[in-house]
Trainee: 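Let me begin by handing over the structure; questions about it come next.
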Amino acid sequence: MTEQLYDAIERRAEKFQRLADSIWDYAELGFTETRSCRAVTKALEEEGFTVEKGIAGMPTAFRASFTHGQGGPVIGFLAEYDALPMLSQQAGAVTPSPVVEGGPGHGCGHNSMAPMQALAVSALKQVLVERDIPATLVVFGTPAEELLACKGFMARDGVFDGLDAVIDCHSNSFMGTSFGLQNNALFSFLVEFYGKTAHAGSRPWEGRSAADAVELMHAGTERLREHMLPEQRVHWATLSGISAPNVVPDYARTWYYVRSQDPVIQALYERIRLCARGAALMTGTEERITFLAACHQRYPNEALARALYANMLKVGAPEYSEEEHAFARALQHSLGAPEVGMQVETTLVDATKAPFKGDSSDVGDVTLKAPTASLQFPTWVPGAKAHTWAVTACQKSSIMHKGLVTAARVAALTALDLITRPELLAEVRREFESTTAAHPYVDYLDAEARPPLSWHEEDMALFRPLLDAALGTSDR
């Protein structure tokens with residue numbers, strides 16, 4: 001079956017490599033991924049998957065499924081495709097060279113992730129049918145990961161219910177997976193202040209400054225840092241405020257991320273909320289808080305991670321040409337990183353024994369809804385860092401193409417193990433039940449919360465025609 005699976009992947013590889021290149025060209029920000037979503041769902045429909053679009057109230061989210069036989073395991077696959085602001089970069093350029101100055105780019109490698117999963121499930125579907133093995137394969141198109149504003153809403157609406165296991169993935173400079181509690185939970189919310197305008201020179205006493213309220217709220221949260229746990233994080237960005245020095249502003253807003261551990265994040269949020277209330281009281285303004293997103297810490301499944309790792313060793317790392325090594329060394333030289341070329345490591349990490357990382361991922365919610373582990377696969381040069389132009393430069397290249405195919409083999413083999421080895425699936429399920437008994441899922445999003453669908457609309461309205469003109473793309 002391994003040879004059969006490899007052959008099915010090889011015959012489809014070029015199709016899904018081209019798909020990844022197209023998503024790189026589109027470079028669509030969160031919730032504007034209309035072209036990317038359409039391209040992925042079209043490819044899956046061509047492979048015989050049934051696609052449901054617009055799930056959980058998000059136009060660029062989808063569920064693509066295929067079932068063969070009856071009573072088989074249900075295996076999920078997570079797929080992302082959003083780009084990042086300000087990371088436009090020419091493919092293959094080893095110094096900063098934006099396609100469009102200030103434009104978006106795939107500086108986290110998401111353009112390769114949905115095509116990789118689509119390649120894996122398309123090949124696996126063929127094997128299931130030819131071998132008459134009952135199973136259901138489900139691909140979840142999950143937009144706006146960089147806003148952390150998708151999977152929590154999908155989890156709230158029951159999208160991930162009924163899955164036996166989930167294979168997540170992410171582009172990287174290595175091949176690996178991990179298990180054990182990791183990352184921070186996160187609350188993302190907007191704080192708006194409403195005041196009263198006045199002439200700042202002649203009658204300032206009549207005004208009530210919303211910008212002052214934002215500054216005082218920031219001052220309050222900064223004073224909290226001394227009294228926060230070491231693992232907790234608070235960051236903010238002022239989105240609007242004073243537009244003219246001689247007008248007391250009646251509106252200002254700030255965007256907050258609050259990160260903490262699941263058991264105490266709600267308590268930290270309450271302290272931040274009181275800072276907003278206090279700022280409003282001090283300035284005579286009114287405050288309004290709007291939740292944008294929330295996510296749990298991650299609880300990857302060890303049994304599933306070990307199955308992924310075993311197949312990474314079986315598949316092996318990609319083999320690279322001298323030209324690819326030369327590009328890698330040139331980029332590493334530009335970055336001041338060790339000039340080792342495409343030296344790809346394969347790792348299995350126990351996160352509980354590794355240094356703490358304070359970042360967040362909305363995959364956390366999925367890990368508490370179904371047994372989940374993440375496949376990290378090599379699509380960019382070692383020494384390049386996520387969320388930088390250097391990653392964008394790698395993500396439309398033969399290096400990315402090879403990493404995509406390698407990861408599809410690992411994902412498909414692991415899913416096949418889950419489907420054909422009942423003892424593995426039982427072990428995965430036992431561990432998941434133990435995890436969720438100790439850490440039950442809490443719905444951080446209330447029923448009124450909605451995904452911030454319009455967050456990047458203005459940016460994409462500006463940059464999409466510029467990218468089209470520079471790259472020759474269109475709304476096809």
Side-chain angles (χ1 to χ4, degrees), residues 8-9 11-23 25-26 28 30-70 72-83 110-129 134-145 149-151 153-169 362-363 366 369-370 372 404 407-408 411-412 415 419 451 453 475-476:
I9 289 172
R11 286 189 283 109
R12 292 170 172 82
E14 186 178 349
K15 169 185 176 179
F16 290 98
Q17 289 165 340
R18 289 198 306 268
L19 175 60
D21 289 346
S22 294
I23 297 173
D25 289 343
Y26 300 148
E28 295 171 302
F31 293 127
T32 71
E33 315 99 321
T34 52
R35 296 177 179 179
S36 302
C37 178
R38 183 165 59 245
V40 175
T41 54
K42 180 175 181 285
L44 285 166
E45 286 173 332
E46 291 172 350
E47 294 290 342
F49 282 73
T50 300
V51 175
E52 178 187 357
K53 301 176 183 178
I55 60 174
M58 293 173 281
T60 55
F62 69 84
R63 183 183 191 273
S65 60
F66 170 80
T67 299
H68 179 71
Q70 295 182 343
V74 182
I75 311 299
F77 302 79
L78 301 182
E80 299 166 5
Y81 30 81
D82 60 322
H110 291 191
N111 64 302
S112 59
M113 291 159 56
M116 186 283 286
Q117 297 280 48
L119 174 56
V121 298
S122 298
L124 182 57
K125 166 186 170 287
Q126 178 184 326
V127 173
L128 295 179
V129 172
T136 295
L137 310 176
V138 189
V139 181
F140 297 96
T142 58
E145 188 277 336
C150 170
K151 299 180 189 70
F153 288 98
M154 295 171 82
R156 182 193 66 180
D157 291 356
V159 171
F160 302 117
D161 294 351
L163 298 171
D164 289 299
V166 174
I167 296 176
D168 177 42
C169 71
D362 63 359
V363 176
V366 186
K369 286 290 186 176
T372 306
L404 186 157
I419 293 165
L453 301 179
D475 192 9
R476 57 182 183 271

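Hydrogens, waters and symmetry mates are skipped; everything else that's a heavy atom, side chains included, is used. Residue numbers run from 1 in the order of the sequence given.
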Trainee: Does any part of the side chain of V366, heavy atoms only, come nearer than 4.5 Å to the side chain of D168, both counted from C-beta?
Mentor: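 No - every pair of side-chain heavy atoms lies 4.5 Å or more apart.
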Trainee: I need the L44 CG to K42 NZ distance, nearest 0.5 Å.
Mentor: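 The distance works out to 11.5 Å.
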Trainee: Below 4.5 Å, heavy atoms only, C-beta onward: do V121 and F49 meet side chain to side chain?
Mentor: yes
Trainee: If you round to the nearest 0.5 Å, how far is CZ of F66 from OG1 of T136?
Mentor: 8.5 Å
Trainee: Between CZ of F16 and CE of M116, what distance do you get to the nearest 0.5 Å?
Mentor: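 Between atom CZ of F16 and atom CE of M116 there are 12.0 Å.
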Trainee: Can you tell me how far the CD atom of E45 sits from the OG1 atom of T50, to the nearest 0.5 Å?
Mentor: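 E45 atom CD to T50 atom OG1 measures 8.5 Å (nearest 0.5 Å).
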Trainee: Do R35 and R38 have side chains that get closer than 4.5 Å, going by heavy atoms?
Mentor: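 Answer yes - side chains close enough.
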Trainee: Please step through side chain to side chain contact (heavy atoms under 4.5 Å, CB included) for the pair L78 and D362, ending with a clear verdict.
Mentor: CA-CA 11 Å; L78 301 182; D362 63 359; over 6 Å; no
Trainee: Give the ring-plane orientation class for F140 versus F160, where under 30° counts as parallel, over 60° as perpendicular and anything between as tilted.
Mentor: perpendicular
Trainee: For P73 and D164, which heavy atoms make the closest approach, and how far apart are they?
Mentor: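 Between these two residues, the closest heavy atoms are CA-OD2, 3.3 Å.
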Trainee: Please name the residue in the list M58, M154, H110 that meets the side-chain contact (heavy atoms from CB on, under 4.5 Å) test with T142.
Mentor: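 Among the candidates, only M154 passes.
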Trainee: Check whether more than 12 heavy atoms from other residues, nucleotides or ligands sit under 6.0 Å from atom CD of E14, and answer yes or no.
Mentor: no
Trainee: Does the side chain of V40 come within less than 4.5 Å of I23's, by heavy atoms?
Mentor: yes
Trainee: Where is the tightest heavy-atom contact between K125 and G48, given as atom of each residue plus distance?
Mentor: CE-CA, 4.1 Å
Trainee: Nearest 0.5 angstrom please: T60 OG1 to L453 CG, how far?
Mentor: 7.5 Å
Trainee: Compare every heavy atom of P451 with every heavy atom of F31, then report the nearest pair and how far apart it is.
Mentor: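 Looking at all heavy atoms of both residues, the shortest contact is CZ-CB, 3.8 Å.
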Trainee: With distance as the sole test, does T32 use its side chain to make a donor-acceptor pair with the main-chain N or O of E28 at under 3.5 Å?
Mentor: no
Trainee: Measuring only between side-chain heavy atoms, which start at C-beta, is V138 closer than 4.5 Å to V159?
Mentor: no
Trainee: Compare every heavy atom of I9 with every heavy atom of A123, then report the nearest pair and how far apart it is.
Mentor: CB-CG1, 3.4 Å
Trainee: Decide yes or no for V139 and F62: does some side-chain heavy atom of the first lie under 4.5 Å from some side-chain heavy atom of the second?
Mentor: yes
Trainee: If the threshold is 4.0 Å, N to carboxylate O, is there a salt bridge linking K151 and E80?
Mentor: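 E80 and K151: salt-bridged.
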Trainee: Main chain of E145, side chain of D82: is a donor-acceptor contact present, judged purely on distance under 3.5 Å?
Mentor: yes
Trainee: Check L404 against A20 and note the closest heavy-atom contact, atom names and distance.
Mentor: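 Shortest heavy-atom separation between L404 and A20 comes out as CD1-CB, 3.9 Å.
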Trainee: Without swapping roles, check the side chain of E47 against the backbone of A118 for a donor-acceptor pair under 3.5 Å.
Mentor: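 No; judged by distance alone, with no hydrogens or angles, the pair does not exist.
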Trainee: To the closest 0.5 Å, what do you measure between CG (L119) and OG (S112)?
Mentor: 12.0 Å
Trainee: Where do A43 and K15 come nearest, in terms of heavy atoms and distance?
Mentor: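 Residues A43 and K15, closest heavy atoms: O-NZ, 3.6 Å.
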